[in-house]
There are 2 protein chains.
Amino acid sequence: MTKPRSRRGGGRPTIADVARKAGVGAITVSRALREPGRVSQDLRRQIQAAVDELGYVPDPNARALASARADVFGVLVPSLTNNVFAEVVRGIYDSLSDSPFRIQLGNTHYSGLEEERLLQVFAPQRPAALIVAGIDQTPLSRKLLETAGCPVVQVMETGPDPVDMMVGFSHFDGGRTATEHLIEKGYRRIGFIGARMDPRSQRRLAGYRAAMEAAGLFDPRLITTTPVPSSVTLGRELFRDALAKMPTLDGVFCNNDDIALGVLFECHRASIDVPKLIGIVGFNDLDMMHVSFPSITSVRTHRYEIGTRSVAMALAAIAGNPPERRIVDLGFELMQRESTAR
Amino acid sequence: MTKPRSRRGGGRPTIADVARKAGVGAITVSRALREPGRVSQDLRRQIQAAVDELGYVPDPNARALASARADVFGVLVPSLTNNVFAEVVRGIYDSLSDSPFRIQLGNTHYSGLEEERLLQVFAPQRPAALIVAGIDQTPLSRKLLETAGCPVVQVMETGPDPVDMMVGFSHFDGGRTATEHLIEKGYRRIGFIGARMDPRSQRRLAGYRAAMEAAGLFDPRLITTTPVPSSVTLGRELFRDALAKMPTLDGVFCNNDDIALGVLFECHRASIDVPKLIGIVGFNDLDMMHVSFPSITSVRTHRYEIGTRSVAMALAAIAGNPPERRIVDLGFELMQRESTAR
DNA sequence: CAGACAAATGGTAGCGCTACCATGAAAGGC
DNA sequence: GCCTTTCATGGTAGCGCTACCATTTGTCTG
């Protein structure tokens, strides 16, 4: 004599309960919720009333199973704590907060293998879209993306061969622009300091090198890098290494702002005048760069916009309107500040 | 004559395909995957072979629907970019990366209403556990947590009345300890500077006030706060405001490290000697605090551990071994540095 | 006004998996 | 030796929803 419906789970109302209460078929309730335009206004109102009264919320799992399509955006980033990716992710969340889509976030830890593993976990869920950081997927990852059967957006960088869509900017150009700025300002022995040399860092380094070579200033001993994850502490240490190796150093292009801040602090500590003796350029333009003393020149990137834009493109593609430009370059801006103003 | 199975979705292998190939019943495959101990070794091997050959991956949606329980951890944090929460989330991700559990991350934007909304989205998914930041849930949120039917861990803070479990520390004590340190060092006109005065900030402020009152030093004009989100820029501005209001200020307890850094930069800019004229204490102890010049005294909190510990507790509860201590206080450490060394 | 066609609604049959119960075989108790 | 208890396995019946197709009604053609 127990209610048949309560066999498992709780007694949460189902679509059938709503249908009964509204005096319609279950499928009509389903339609009223998903494609209101296809249900007459009268029924729509009745159904809405029943939904409200019962507090009905569709079960996303049942929906995904029946429609072979989950309302999920899969998002893969290499780090959760790196401010750069956190901003991108924030843009994605904000853009999706009013939509029916949920987000499945994966942390690849800068590992191609981990990315493959996560993609293999995400794919079976038949996500509505996939957003992945970077353009250097392994062959398997690339294949998984291509066969995922949903819009795919590669973010952070632009490159020649998108899986589907791309939103980002050229790290090579960013690195070159930063370096050219130092050269223009009269710095000559310009070092490159970088940690966690991921593919984007490598391309910024390549941009640095191109600028230095074009000016006839390149010297491999000016480059100081490490695979260790980036931090302000590390910036300080690498700068000390660089200076020990190359005492005539008069400028540094830092792979990111954490490093740049570490360099600045070390200059303070060692009483090295910035920008007189050493010019400093960072990358990303975190909030603190314009507040520090001296303020630090940096390459501003549009991280939040990368997130919002990638969602907009994916949403358009889902709606059947794939954007005509599959590659969106959001560019960057060189923010000139006191650290290079001599 | 089309294959009946390919009506919708793709032709991904199902449990029935594996069962057929291994020559066993579907339910045995299901068991072999979830409770290997209950299947004989022979069948287990056959099934594993079939799984590998077909590349079978269970459909999490079907599993969730059938078992009325999703392998999902719901995680609610007020911000994705605030390093503090990013570290907690990283701890959660790292702890769960080798488990079958996925993570559903929600951003409440420091809003109780948004938290309610997200909880109403999460609950229908019947998550395996819920981890929420803070202890100041609205009555509705609290009820949703209590009736979620899964382990719940409130993180970041400790308090008297957990919904289920708690991992954090006392922000009141943290604020008091920081302030007492400044008093001990001989600072007297000690200001409090805080942005985005969320409940945790409020409690740090209360700790500050308790310490100041105990020393007979309290003056409400020493307090400078704003509801605006915290940033280094804001730290600088608030410090200028505080100084304008109270020129005799000789110390500041900053609600967090961003603010503290802004204060330090402004001191540099205005040639105010730290720690001689002004003592600075931050909160959270970000990496940069020990690198800055002068290095900044801060209250170290164990953010990553809060994440890993909360997962460990939830996992134990899921396994049927709820921890005996439902409230875990991870404490904090005062890191004394140059900014208060006079 | 018949015929064609669209719009609105409903019934049926799964989606892929697991809870529940049943079955048969092996193992143990007296 | 019979009966109970375990263990290993399988069959059936859904979980809550939507794709597909059928049905009904109203609306437009000529």
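Sequence lines set the chain letters: A, B, ... in the order given, protein chains first and strands last, and positions in each chain run from 1. Just so you know, these numbers use all the heavy atoms, side chains as well, and skip hydrogens, waters and symmetry mates.
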| For A:Arg63 and D:dT18, is the shortest distance between a side-chain N/O and OP1 or OP2 below 4.0 Å? | yes
| Below 4.0 Å: OP1/OP2 of D:dC17 and any side-chain N or O of A:Ser67 | no
| task | Provide, to the nearest angstrom, the distance between the CD1 atom belonging to A:Ile27 and the C1' atom belonging to C:dG10. | result | 8 Å
| remark: B:Arg34 CZ to C:dC20 P, in whole Å, measures 11 Å
| task | Identify which nucleotide among D:dT9, C:dT18, C:dT9 has an atom closest to any side-chain atom of B:Leu43, counting heavy atoms from C-beta outward. | result | D:dT9
| A:Val311 vs A:Val153 side-chain heavy atoms within contact, under 4.5 Å | no
| message | On the side chain of A:Arg31, is there an atom forming a donor-acceptor pair with the base of C:dG10 - under 3.5 Å, no angle test? | response | yes
| said: What I want to check is whether the side chains of B:Thr138 and B:Arg142 have a donor and an acceptor closer together than 3.5 Å. | reply: no
| request: Could you state the atom-to-atom distance from CG of A:Leu33 to P of C:dT9 in whole Å? | output: 15 Å
| message | Just N and O in the side chain of A:Ser30: are any of them under 4.0 Å from OP1 or OP2 of D:dC17? | response | no
| request: State whether A:Ser40 places a side-chain N or O below 4.0 Å from either non-bridging phosphate oxygen (OP1 or OP2) of C:dA8. | output: no
| query | Is the shortest distance from a Lys or Arg side-chain nitrogen in A:Asp71 or A:Arg102 to a carboxylate oxygen in the other one below 4.0 Å? | reply | no
